[in-house]
S.K.: 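Dropping a structure here in structure tokens format, bear with me for questions.
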Amino acid sequence: MKGAAVTSPPVSPAVLFPDWAYKPAWSPGSRQVQLWHFLLELLSRGEGGAIGWGGEWGEFVIRDPERLARLWGERKGKPHMNYDKLSRALRYYYNKRILHKTKGKRFTYKFNFSKLILVNYPGYPPCHQRSQCLKVILISPPRT
DNA sequence: ACCGGAAAGG
DNA sequence: CCTTTCCGGT
């Protein structure tokens, strides 16, 4: 399996990203980066301030909502991005089962990692078309 | 803060 | 499709 391996420090799980998840928006023929790519990118880098893993497996906490929104806006070329709009995009993930809200915990959401894996295995197996092959995301369980 | 409908754009 | 923008409602 191909993909850029990103391993972060002690707490964060190791994450394998498919190459396309890193392709910049302006790259011809490549799909735009999706919000959950971006979140996992920051999370796996242990980026610090803006976002971090939460207590439960797959759970994350947005520590600095407006800063996260600013970073996301920069990535997408949307200078007027804010947390209100970013969180609306997150809410669209509920129906898709990519994410859900951890109720009662402020700024806390949780990835449905198993569902992500399903969603991202469109033509497997067998996989002959490159565009369909690399859509794999593996997240190893956090070590305790 | 959080939700989800509606419209619109890339 | 996947958001972005806007917004009325809880």
S.K.: If only side-chain N and O atoms of A:Tyr83 are considered, is one of them under 4.0 Å from the OP1 or OP2 phosphate oxygen of B:dC2?
M.R.: yes
S.K.: I need the A:Phe113 CZ to A:Leu40 CG distance, nearest 0.5 Å.
M.R.: 5.5 Å
S.K.: Could you state the atom-to-atom distance from CD of A:Gln32 to P of B:dG9 in whole Å?
M.R.: 16 Å
S.K.: Which value, rounded to the nearest 0.5 Å, describes the distance between A:Thr108 atom OG1 and A:His100 atom NE2?
M.R.: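 Rounded to the nearest 0.5 Å, the OG1-NE2 separation comes out at 11.5 Å.
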S.K.: Look at A:Arg70 together with A:Glu74 and state whether they make a salt bridge at an N to O cut-off of under 4.0 Å.
M.R.: yes
S.K.: Can you tell me if A:Trp72 touches the phosphate of C:dT4, counting only side-chain N or O atoms and a distance under 4.0 Å to OP1 or OP2?
M.R.: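 Yes, because at least one side-chain N or O of A:Trp72 sits under 4.0 Å from OP1 or OP2 of C:dT4.
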S.K.: C:dC2, OP1 or OP2 - any side-chain N/O from A:Lys96 closer than 4.0 Å?
M.R.: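 A:Lys96 to C:dC2 OP1/OP2: side-chain N or O found under 4.0 Å.
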S.K.: Could you list all the salt bridge (Lys or Arg N to Asp or Glu O under 4.0 Å) pairs where at least one residue sits in residues 101-113 of chain A, not counting sequence neighbours?
M.R.: A:Glu56-A:Lys110, A:Glu59-A:Lys105
S.K.: Could you state the atom-to-atom distance from NE2 of A:His100 to P of B:dG4 in whole Å?
M.R.: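 A:His100 atom NE2 is separated from B:dG4 atom P by 14 Å.
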S.K.: Let me know the distance between CD1 of A:Ile98 and P of C:dC2, rounded to the nearest Å.
M.R.: 7 Å
S.K.: Give me the distances for all protein-to-nucleotides 5-10 of chain C N/O pairs that come in under 3.5 Å?
M.R.:
from	atom 1	to	atom 2	distance (Å)
C:dT5	OP2	A:Lys85	NZ	3.3

S.K.: Checking A:Arg91 against A:Tyr93: charged group under 6.0 Å from the ring centre and within 45 degrees of the axis?
M.R.: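 The answer is no; the distance or angle limit is not met.
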S.K.: How many angstroms lie between CG in A:Leu42 and CG in A:Leu71, if you round to the nearest 0.5 Å?
M.R.: 6.5 Å
S.K.: Rounded to whole angstroms, how far apart are CZ on A:Arg75 and P on C:dT4?
M.R.: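 Result: 12 Å.
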S.K.: Whole Å only: how far is the CG atom of A:Leu90 from the C1' atom of C:dC2?
M.R.: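 Computing the A:Leu90:CG to C:dC2:C1' distance gives 13 Å.
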S.K.: Indicate, with a heavy-atom threshold strictly under 4.0 Å, whether A:Lys101 touches base, sugar-phosphate, or nothing.
M.R.: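 Sugar-phosphate contact only.
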S.K.: Send over the distance from A:Lys76 NZ to B:dG10 C1', rounded to a whole Å.
M.R.: 9 Å
S.K.: Base, sugar-phosphate or nothing for A:Phe38? Non-hydrogen atoms, less than 4.0 Å.
M.R.: nothing
S.K.: Does A:Gln34 place a side-chain N or O at less than 4.0 Å from the phosphate oxygens OP1/OP2 of C:dT3?
M.R.: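 Looking at the OP1 and OP2 atoms of C:dT3, one of them is under 4.0 Å from a side-chain N or O of A:Gln34.
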S.K.: What residues, two or more places apart in sequence or in another chain, satisfy ring pair (Phe, Tyr, Trp, His ring centres under 6.0 Å) together with A:Phe60?
M.R.: A:Tyr109, A:Phe111
S.K.: Toward the 5' end of DNA chain B, which comes first, A:Phe107 or A:Asn95, by nearest nucleotide?
M.R.: A:Phe107
